[in-house]
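Written out below as structure tokens is the structure these notes cover.
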There are 2 protein chains.
Amino acid sequence: MTRSTRQRGVIARILETAEGPLAVNDIHLRASQDLPRLGIATVYRTLKLLAEQQQIHAVTLDGETRYEAVGKGHHHHFSCNYCGRVFTVYNCPVQLPAGTEYPGGFVIEGHEITLYGRCPDCQKTQGPS
Amino acid sequence: MTRSTRQRGVIARILETAEGPLAVNDIHLRASQDLPRLGIATVYRTLKLLAEQQQIHAVTLDGETRYEAVGKGHHHHFSCNYCGRVFTVYNCPVQLPAGTEYPGGFVIEGHEITLYGRCPDCQKTQGPS
DNA sequence: ATCCTTGCAAAAGTTTTGCATTCCC
DNA sequence: GGGAATGCAAAACTTTTGCAAGGAT
């Protein structure tokens with residue numbers, strides 16, 4: 001830690017406690033409650049810095065860049081088709097160790113999965129689509 | 001088909017014959033070989049139109065929006081960590097029928113998988129990283 | 001006092017829109 | 001000739017950068 005790290009801490013904590021990756025606007029909105037004068041440029045700069053430090057990383061989902069804290073272990077994302085929120089889920093439905101060779105000669109080093117569907121909240125509040 | 005559909009046809013064919021989803025710049029570049037005066041606005045307009053007609057759809061991958069033809073059946077994407085190209089692959093490593101309930105109460109309606117690794121070309125041309 | 005960080009505003013990049021012209025029928 | 005599609009340029013947005021002001025030591 002170099003020095004004054006107020007916004008860095010606020011933003012890092014927001015991402016650590018979020019239910020899933022957050023969009024920049026959302027981060028700005030949430031952080032503004034603690035830091036009312038916070039500018040969007042600082043949000044971008046802080047996110048870039050945290051990403052370089054490997055504390056967070058970007059995921060692109062449904063055309064939007066979102067950020068999440070690292071250190072959550074292997075996980076995937078669930079995007080609710082009804083409310084648009086994205087959640088982190090820990091069950092992994094595949095067995096694809098690095099080195100696995102896929103038909104066609106593609107050698108696998110990693111994978112990302114996004115699940116789509118209805119989140120628990122939207123099951124309570126809405127009937128079937 | 002309403003009428004003059006030159007660029008529409010060119011762009012649709014590019015996407016149908018591509019090895020995977022293409023970025024807008026790439027589509028513009030490829031289409032320009034047939035249509036030298038083609039403007040980027042027309043590319044965006046055409047992509048939007050084709051997407052509304054359900055002939056193509058957008059996928060976001062590694063922070064970039066790409067487009068692919070529909071009608072390729074269930075498939076996933078392989079993104080090469082070495083050359084950056086994205087390929088369509090047809091093996092699906094999961095069994096997740098719609099209605100499956102994930103731990104936490106997430107009801108699944110669909111899924112998207114992106115595999116990362118080394119593509120066949122990059123295995124020929126480069127040694128291990 | 002000095003160095004680093006911030007907010008603001010301008011700039012750069014990407015996607016969309018307005019409009020006059022061109023293209024087809 | 002008339003309606004639709006196109007290219008260009010401007011407008012909207014999103015993200016980055018420059019810079020003067022503010023904060024911390």
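Remember, it's a predicted structure, so these values are computed and weren't measured experimentally.
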Whole-Å distance separating the [atom1] atom of [X] from the [atom2] atom of [N]:
X: A/Leu38; N: D/dG23; atom1: CG; atom2: C1'; value: 16 Å
X: B/Glu64; N: D/dT14; atom1: CD; atom2: P; value: 18 Å
X: A/Arg6; N: D/dA24; atom1: CZ; atom2: P; value: 10 Å
X: B/Arg66; N: C/dT15; atom1: CZ; atom2: C1'; value: 17 Å
X: A/Tyr44; N: D/dT16; atom1: OH; atom2: P; value: 7 Å
X: A/Asp34; N: C/dT6; atom1: CG; atom2: C1'; value: 17 Å
X: A/Ile27; N: D/dT15; atom1: CD1; atom2: C1'; value: 14 Å
X: A/His28; N: D/dT16; atom1: NE2; atom2: C1'; value: 15 Å

message = Side chains of A/Asp62 and A/Ser79: any donor to acceptor distance under 3.5 Å?
response = yes

message = Under a 3.5 Å threshold, yes or no: a donor from one side chain and an acceptor from the other, between B/Tyr82 and A/Glu109?
response =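 There is such a pair (donor and acceptor under 3.5 Å, judged by atom type) between the side chains of B/Tyr82 and A/Glu109.
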
Which atom pairs, one a donor and one an acceptor, fall under 3.5 Å between side chains of residues 93-108 of chain B and the rest of the protein, sequence neighbours left out?
| residue | atom | partner | partner atom | Å |
| --- | --- | --- | --- | --- |
| B/Thr100 | OG1 | B/Pro97 | O | 2.6 |
| B/Tyr102 | OH | A/Asn91 | O | 2.7 |

ask   = For the residue pair B/His111 and A/His76, is the inter-centroid distance of their aromatic rings smaller than 6.0 Å?
value = no

inquiry  = Counting the atoms with a prime plus P, OP1 and OP2 as sugar-phosphate, which does B/Ile40 contact under 4.0 Å by heavy atoms, base, sugar-phosphate, or nothing?
reply    = nothing

request  = Compare the minimum distances between each of C/dT14, C/dC8, D/dA5 and the side chain of B/Arg8, then state the nucleotide with the smallest one.
outcome  = D/dA5

Nearest to side-chain heavy atoms of A/Ala41, which nucleotide of D/dC8, D/dT17, D/dT14 =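 Of the options given, the side chain of A/Ala41 lies nearest D/dT17.
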
inquiry  = On the side chain of B/Arg45, is there an atom forming a donor-acceptor pair with the base of C/dG18 - under 3.5 Å, no angle test?
reply    = yes

inquiry  = If you assign A/Asn25 and A/Lys48 each to the DNA chain D nucleotide with the nearest heavy atom, which residue ends up on the more 5' nucleotide?
reply    = A/Asn25

Presence of A/Gln7 side-chain N/O under 4.0 Å of C/dT5 phosphate oxygens OP1/OP2 = no

key: Phosphate OP1/OP2 of D/dG7 contacted by B/Thr42 side-chain N/O (<4.0 Å)   = yes

task = May I ask you to test the A/Thr88-A/Glu68 pair for a side-chain heavy-atom distance under 4.5 Å?
result = yes

